[in-house]
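These notes are about the structure you will find just below.
All figures in this text were calculated on a predicted structure; none of them were measured in a lab.
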Amino acid sequence: SSRDIIASQAAGSEVVARMTVRHRTDITTEMRVIHRGEIYHIASGGLHDNQNGLIYTTYQLSKGVERSRE
């Protein structure tokens, strides 16, 4: 959505996908996602489901500037 793109522009990347997983608390924006050989960065904290926040979490994924681990 346009909101996703505006929010991600500050990080120098563009939101290109979303990932929905069962609710977890151990996923951070420092991690990456590899899907079919493509590397994606987690662009934002998780957005929890509307029911009780414990069923699933959606993350916005971006491609852009590679983060260094120094």
- Message: Among residues at least two apart in sequence or on other chains, which ones pass side chain to side chain contact (heavy atoms under 4.5 Å, CB included) with V21?
- Response: M19, I27, Y59
- Contact check, side chains of R32 and Y40, non-hydrogen atoms, under 4.5 Å: no
- Query: Residues in side chain to side chain contact (heavy atoms under 4.5 Å, CB included) with I55, at least two apart?
  - Reply: D49, Q51, N52
- Task: Could I get the full list of side chain to side chain contact (heavy atoms under 4.5 Å, CB included) partners for H23, not counting sequence neighbours?
- Result: T25, H48, L54, T57
- Query: Heavy atoms, side chains only, cut-off 4.5 Å: are L61 and I42 in contact?
  - Reply: yes
- Message: According to a hydrophobic-cluster definition based on side-chain heavy atoms being under 4.5 Å apart (Ile, Leu, Val, Met, Phe, Trp, Tyr only), do M31 and L47 belong together?
- Response: no
- Residues in salt bridge (Lys or Arg N to Asp or Glu O under 4.0 Å) with R22, at least two apart? none
- Message: Per the salt bridge (Lys or Arg N to Asp or Glu O under 4.0 Å) rule, what does the pair list look like for residues 38-48, sequence neighbours excluded?
- Response: E38-K63
- Please name all residues satisfying side chain to side chain contact (heavy atoms under 4.5 Å, CB included) with N50, sequence neighbours left out, ordered by chain then number. none
- Message: If I take atom NE2 from residue H41 and atom CD from residue E30, how far apart are they, to the nearest 0.5 angstrom?
- Response: 11.0 Å
